[in-house]
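Atoms within a ligand are numbered from 1 in the order they appear, just like the ligands themselves. Just so it is clear, the values below take in all heavy atoms, side chains as well, and ignore hydrogens, waters and symmetry mates. All values derive from a computational prediction rather than experimental measurement.
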Amino acid sequence: MQRNESLWVEKYRPKKKEDIMGNEEAKELFVEWLKNKRHTKKAVLLYGPPGVGKTALVNAVANEFNYNVIEMNASDTRSEKAINLLAKPATSYTALDNFTKTKETKGNVLFLDEVDGIAGNEDRGGVNAIIKIVEKSLVPVIMAANNPEIDKLRPLKKVCLLIRFQQVRIPLVIALLQKICITENIKAEFEALERIAQNSRGDVRSAINDLQSLSEENHILTIQDTIILNSRNKDISMDDTLRGFFSAQSIAEASNLLRYSNVDYDEFILTVSDNLPKRYSNNEELSCAYDYVSQADVFRGRVGFENWHLLKYFYNSLAQAAAVNPNSYKPFTFITPPIKIITLFWTKSKRTILGNICNKIGVKCHVSQDKAKSEFVPFIKSMLDKKKAHPILAWFNFTAEEVNFLNEMKRF
Ligand SMILES: Nc1ncnc2c1ncn2[C@@H]1O[C@H](COP(=O)(O)OP(=O)(O)OP(=O)(O)O)[C@@H](O)[C@H]1O
Ligand SMILES: [Mg+2]
């Protein structure tokens, strides 16, 4: 995954264990495991909510104690073949020769980040490949995930030491934001930082992103500036999102806009693609933007309907397409060329069935179509997979076609 230093979450990526706020017990447990790994289990699984420092801890500790990290995460690949290809050298006897074990480095560690994403839906072989790697590995294997409860990860839990991360406490988040404000020369009211921290619910990544998008331009942050956080409850329309997206002055701004928007992501990707030539007249910029959009499309596919935590990669890639050259932005009228209509035509029947399903859920459960789609459909789908959904299906009055759709669906 490419890193972009213009994002503060990258710029302030922790370098040492001490830079990581909170989760003291988890941090200690992890370091202890790494130092005395041979006496316990060969693999460790760090799990917990997004944006609390799991990935950051692994990289910071490796940096501090001079381990060489062989890293793979869900943004790279998730096929069994690819997992094996990457991990093979680390699990064979040639590992220590082939990888740079010098006087300066203590050795290699294999880091499989976001295993819930690597072990993707379409590729059940992924988990088995990972377990084989753990069994064969000559080097410590570190894994991270958001939700270790998902069925497909269950076999992994047996071979790992589990270390749980929790949301970072609000005062710690505030302290971190204050530090960033000092370095970035931002005059911020304490109440404003408090509001951002509270709103993040212990997700440090989102707190830093909010701080950047609210204060980067003016270098002043007041409590009034944070009012927008309250209204950002996912109700920004397609038109507003497009306008905000194309006029964004930075990756952080575009990425945050996507985070808070209510648009259908598939439709948004198509519309952005169609409009890019209007946004960028310079061919190099245009081609660069298309590269980012295609990368975003790949991530969208990997998010599917259950790996929502991977959306951060999608936001990041798409946001980079918006900010290839912020200075060249001039307002323009959005177009919807035929290509989009054709694609929508092909997917229309699928959309209608899903729409009907969400309607039925909405009526029975008194929720919006969106809520039905994002929260209820994945749940019903998972019950179906476990063959426990029969009473629910009857209660919702789903037709055979709708049940079939739910059974077959991989993403929407
Ligand atoms: N506890 C923390 N202390 C300091 N900075 C943090 C902390 N947690 C997250 N960050 C900041 O947020 C960024 C993202 O954190 P990180 O990638 O470690 O989250 P994560 O727990 O791995 O989330 P995910 O489950 O989504 O992968 C880091 O680069 C860092 O800037
Ligand atoms: Mg992570």
Chemist: Only heavy atoms of V9, strictly under 4.0 Å: list the atoms of ligand 1 that pass.
Modeler: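 Per the distance check, 28 (C), 29 (O), 30 (C), 31 (O).
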Chemist: How far is atom 25 (O) of ligand 1 from the closest protein heavy atom, and which atom is that?
Modeler: K54 NZ, 2.7 Å
Chemist: Which residue owns the protein heavy atom closest to atom 11 (C) of ligand 1, what's the atom, and how far is it?
Modeler: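 Here the nearest protein heavy atom works out to I208 CD1, 3.8 Å.
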Chemist: Mind checking whether G22 has a heavy atom under 4.0 Å from ligand 1?
Modeler: no
Chemist: Taking the basic N atoms (NZ, or NE/NH1/NH2) and the acidic carboxylate oxygens, is any pair closer than 4.0 Å for D203 and K312?
Modeler: no
Chemist: Look up atom CG in L257 and atom OH in Y315, then write down how far apart they are to the nearest 0.5 Å.
Modeler: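 One gets 10.5 Å once the value is rounded to the nearest 0.5 Å.
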Chemist: Would you confirm whether K42, through its side chain, and S137, through its main-chain N or O, come within 3.5 Å as a donor-acceptor pair?
Modeler: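 Yes; at least one donor-acceptor contact below 3.5 Å.
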Chemist: For atom 6 (C) of ligand 1, what is the closest protein heavy atom, and at what distance to 0.1 Å?
Modeler: V204 CG1, 3.5 Å
Chemist: Decide whether the shortest distance between a heavy atom of D19 and an atom of ligand 1 is less than 4.0 Å.
Modeler: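 True for this residue.
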Chemist: What about Y67 and F65, are their ring centers closer than 6.0 Å?
Modeler: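 Here the rings of F65 and Y67 have centres that are no less than 6.0 Å from each other.
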Chemist: Under a 4.0 Å N-O cut-off, is there an ion pair linking E184 with K11?
Modeler: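 The answer is yes: the pair qualifies as a salt bridge.
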Chemist: Quick one: CG on N316 to CZ on F299, what's the gap to the nearest 0.5 Å?
Modeler: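 Taking CG in N316 and CZ in F299, the distance rounds to 8.5 Å.
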Chemist: Under 3.5 Å, N or O to N or O, is V52 touching ligand 1 that way?
Modeler: yes
Chemist: Suppose we measure from atom 23 (O) of ligand 1 to each protein heavy atom; which comes out shortest, and what is that distance?
Modeler: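 Scanning the protein heavy atoms, the shortest distance from atom 23 (O) of ligand 1 goes to G51 N, 2.8 Å.
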Chemist: In ligand 1, which numbered atoms sit nearer than 4.0 Å to a non-hydrogen atom of I20?
Modeler: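 Going through ligand 1 atom by atom, the ones under 4.0 Å from I20 are 1 (N), 2 (C), 3 (N).
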Chemist: Report the part of E114 (side chain from C-beta onward, or backbone N, CA, C, O) that has a heavy atom under 4.0 Å from ligand 1; answer both or neither where that applies.
Modeler: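 The side chain, only.
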Chemist: Between M21, R205, R169, which one has a non-hydrogen atom sitting closest to atom 12 (O) of ligand 1?
Modeler: R205
Chemist: What are the atoms of ligand 1, with element, lying closer than 4.0 Å to any heavy atom of Y12?
Modeler: 31 (O)
Chemist: Please work out whether any backbone atom (N, CA, C, O) or any side-chain heavy atom from C-beta onward of T55 is under 4.0 Å from ligand 1, and answer side chain, backbone, both or neither.
Modeler: both
Chemist: Is E18 paired with K27 through a side-chain N to carboxylate O contact shorter than 4.0 Å?
Modeler: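 No, no charged N to carboxylate O under 4.0 Å.
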Chemist: Under 4.0 Å from any heavy atom of L176, which atoms of ligand 1 are there?
Modeler: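 With L176 as reference, the close atoms of ligand 1 come out as 4 (C), 5 (N).
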Chemist: Need the ligand 1 atom indices (1-based, order shown) with element for anything under 4.0 Å from a heavy-atom of P50.
Modeler: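 Ligand 1 atoms under the 4.0 Å threshold to P50: 23 (O), 24 (P), 25 (O), 26 (O).
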Chemist: For ligand 1, which atoms have a heavy atom of K312 less than 4.0 angstrom away?
Modeler: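 Going through ligand 1 atom by atom, the ones under 4.0 Å from K312 are 24 (P), 26 (O), 27 (O).
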Chemist: Which residue owns the protein heavy atom closest to atom 30 (C) of ligand 1, what's the atom, and how far is it?
Modeler: P14 CD, 3.7 Å
Chemist: Are R243 and D240 within salt-bridge range, i.e. N to O under 4.0 Å?
Modeler: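 Yes.
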Chemist: Determine the minimum heavy-atom distance between Y280 and A323, stating which atoms define it.
Modeler: OH-N, 3.8 Å
Chemist: Is the Y292-Y290 ring centre distance short of 6.0 angstrom?
Modeler: no
Chemist: List the atom of M21, the atom of L176, and the distance in Å for their closest heavy-atom pair.
Modeler: CE-N, 4.0 Å
Chemist: Can you tell me if A144 has a non-hydrogen atom under 4.0 Å from ligand 1?
Modeler: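 Heavy atoms of A144 never come under 4.0 Å of ligand 1.
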Chemist: At a 4.0 Å threshold, what atoms of ligand 1 neighbour a non-hydrogen atom of A56?
Modeler: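 Answer for ligand 1: 18 (O).
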Chemist: Relative to the heavy atoms of N146, which atoms of ligand 1 are at a distance of less than 4.0 Å?
Modeler: 25 (O)
Chemist: State whether D19 and K16 are salt-bridged, where the test is any N-O pair (Lys NZ or Arg NE/NH1/NH2 against Asp/Glu carboxylate O) under 4.0 Å.
Modeler: yes
